[in-house]
Number of protein chains: 2
Amino acid sequence: MSLIFSRQCEYALQAVTYLALKPEGEMTSIKELAKKLGIPYHFLGKILQDLSYKGLLASQKGPTGGFRLAMPAKDITLFHVVEAVDGVGFTKNCVLGFPECSGQNPCAVHEKWAGLRDGIYSMLVSKNIAQVAREMRKPEYV
Amino acid sequence: MSLIFSRQCEYALQAVTYLALKPEGEMTSIKELAKKLGIPYHFLGKILQDLSYKGLLASQKGPTGGFRLAMPAKDITLFHVVEAVDGVGFTKNCVLGFPECSGQNPCAVHEKWAGLRDGIYSMLVSKNIAQVAREMRKPEYV
DNA sequence: TCATATTCAGAGTTCTTTATCCTAAATTAG
DNA sequence: CTAATTTAGGATAAAGAACTCTGAATATGA
Ligand code: FES
Ligand code: FES
């Protein structure tokens, strides 16, 4: 079981932050990304394709081709990626799965969850991916 | 996509807290639970069966049969249910999906996530399900 | 120019989760 | 004892997520 984000979304987040480390405009192949990040090659291809379709990445075919961010890294947050891949359900839904989540008929943990949800949101938007990428202390990001 | 807990786990949490409202020892049928909580009947049956197997619930067949908590509601927390159904992965895994999550090679949001993860854990253990059930402001719980 | 190697694009497949169905076994009430 | 009710449990179907295979586009260099 994946936690809050789907596997696809996790891979997307890893890949996009990896791209943020590259000089602006430089193309990076699926091969390099898949190898460095340990993500299944073809699956990653489909994910990046999807991110291109949604306007977050730009792609180019052929040798020397690959993917790059469609806009400056400082203008992208992790939230943009989550929004594009998983949607914004986690900002609206009841953590216990009840059909409605509002102050009207709150479940027992509604208040507590509201705070945590805000925390998650702020974790995703408080830094742009250029900063995020630099703060990664992961061997994958070398 | 469900958020942090699987659908199955959400249903389990709703059902167990519902049972916590009943007088200790009283049996409640799948029928009543499914109807009140709006959970698919047969699916809920499997979930409750599983919770019985894991020792959280006790069951009895025949008319007047049903399910009840296997121990006093004050001794059960939401975490017990999550643990039984989804496991404790969320307390250990990297929120960005990296294979390792530790202070050794932290991802960019590791610290922030550590705090949120603790918050989620405390949300699940700070009250027993008797309290949780009483605090539900849900029409389902009547 | 054109063959070839490289890379993305998109359809297709497998696996897991969710949900349904059906029959058997246990238990109660009459 | 019989009929009604309820859980137990296997089998199956539908939906969604995860992953794979094949083909189209493109740059390079012979
Ligand atoms: S109603 Fe449950 S989190 Fe809002
Ligand atoms: S390494 Fe990412 S949350 Fe710990």
Side-chain angles (χ1 to χ4, degrees), chain A residues 1-16 19 22 26-70 82 84-87 89 97 99, chain B residues 1-15 19 22 26-70 82 85-87 89 97 99:
Chain A
M1 178 218 172
S2 65
L3 59 143
I4 55 185
F5 310 125
S6 69
R7 203 84 197 213
Q8 184 174 353
C9 188
E10 292 176 348
Y11 290 159
L13 289 164
Q14 295 179 20
V16 168
L19 289 176
K22 298 277 174 171
E26 182 173 321
M27 288 290 178
T28 307
S29 67
I30 303 176
K31 190 156 89 180
E32 176 180 342
L33 285 159
K35 192 168 188 177
K36 280 290 180 68
L37 299 172
I39 300 174
Y41 180 89
H42 294 93
F43 189 27
L44 180 58
K46 187 196 160 294
I47 293 169
L48 299 181
Q49 180 185 340
D50 190 50
L51 289 174
S52 301
Y53 176 76
K54 293 192 172 135
L56 265 151
L57 301 181
S59 68
Q60 183 165 11
K61 290 183 180 177
T64 77
F67 291 87
R68 63 173 173 80
L69 300 175
V82 172
V85 180
D86 277 355
Chain B
M1 178 217 171
S2 64
L3 62 146
I4 54 185
F5 309 124
S6 69
R7 209 71 194 247
Q8 186 175 352
C9 188
E10 291 177 347
Y11 290 160
L13 289 164
Q14 294 178 22
L19 289 177
K22 298 277 176 169
E26 182 173 319
M27 289 290 178
T28 307
S29 68
I30 303 176
K31 192 158 90 180
E32 176 181 342
L33 285 159
K35 192 168 189 177
K36 280 290 180 67
L37 299 171
I39 300 174
Y41 180 90
H42 294 93
F43 191 28
L44 181 58
K46 291 250 172 286
I47 295 169
L48 298 181
Q49 183 183 337
D50 189 51
L51 289 174
S52 301
Y53 176 76
K54 291 186 174 142
L56 268 151
L57 301 181
S59 68
Q60 184 167 11
K61 291 181 179 176
T64 78
F67 292 86
R68 63 174 174 81
L69 301 175
V82 171
V85 180
D86 277 354

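Order of the sequence lines fixes the chain letters, A, B, ..., with proteins taken first and strands second; residue numbering starts at 1 for each chain.
Per the geometry, CZ belonging to A/F5 stands 15 Å off P belonging to D/dA17, to the nearest Å. Between the CD atom of B/Q49 and the C1' atom of D/dG9 there is a distance of 6 Å, rounded to whole Å. Atom CD1 in B/I47 sits about 14 Å away from atom P in D/dA8, given to the nearest Å. In this structure, the CE atom of B/M27 is 14 Å from the C1' atom of D/dT5, given to the nearest Å. Rounded to a whole Å, the CZ atom of A/F67 is 16 Å from the P atom of D/dA25.
Looking only at side-chain heavy atoms (C-beta outward), A/L44 and A/L37 stay at 4.5 Å or farther from each other. Taking the side chain as every heavy atom from C-beta outward, A/V82 and A/L13 approach each other to under 4.5 Å. Side-chain contact between A/S29 and A/F67: absent, with no pair of heavy atoms (C-beta onward) separated by less than 4.5 Å. Side-chain contact between A/S6 and A/Y11 is absent, with no heavy atoms from C-beta onward closer than 4.5 Å.
Taken to the nearest 0.5 Å, the CD1 atom of B/I47 stands 11.0 Å off from the CG atom of B/L57.
Within the 4.0 angstrom heavy-atom criterion, only backbone atoms of the sugar-phosphate kind lie near A/G66; the bases stay farther away. As judged by a 4.0 angstrom heavy-atom cut-off over every strand, A/L48 is placed among residues making no nucleic acid contact.
Checked for salt-bridge contact, B/E32 and B/K35 miss the test: no charged N lies under 4.0 Å from a carboxylate O.
Listed for the B/D86 side chain is no donor-acceptor partner under 3.5 Å among the backbone atoms of B/F5. B/Q14 contributes a side-chain N or O that, together with a main-chain N or O of A/G97, makes up a donor-acceptor pair within less than 3.5 Å.
Non-hydrogen atoms lying under 4.0 Å from DNA chain D are contributed by nothing in residues 50-57 of chain B.
Between C/dT6 and A/K31, no contact under 4.0 Å exists linking OP1 or OP2 to a side-chain N or O.
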All N/O pairs under 3.5 Å across the protein-nucleotides 19-28 of chain C interface:
from	atom 1	to	atom 2	distance (Å)
C/dT28	OP1	B/Q60	NE2	3.2

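Residues meeting the salt bridge (Lys or Arg N to Asp or Glu O under 4.0 Å) test with A/K54, sequence neighbours left out: A/D50.
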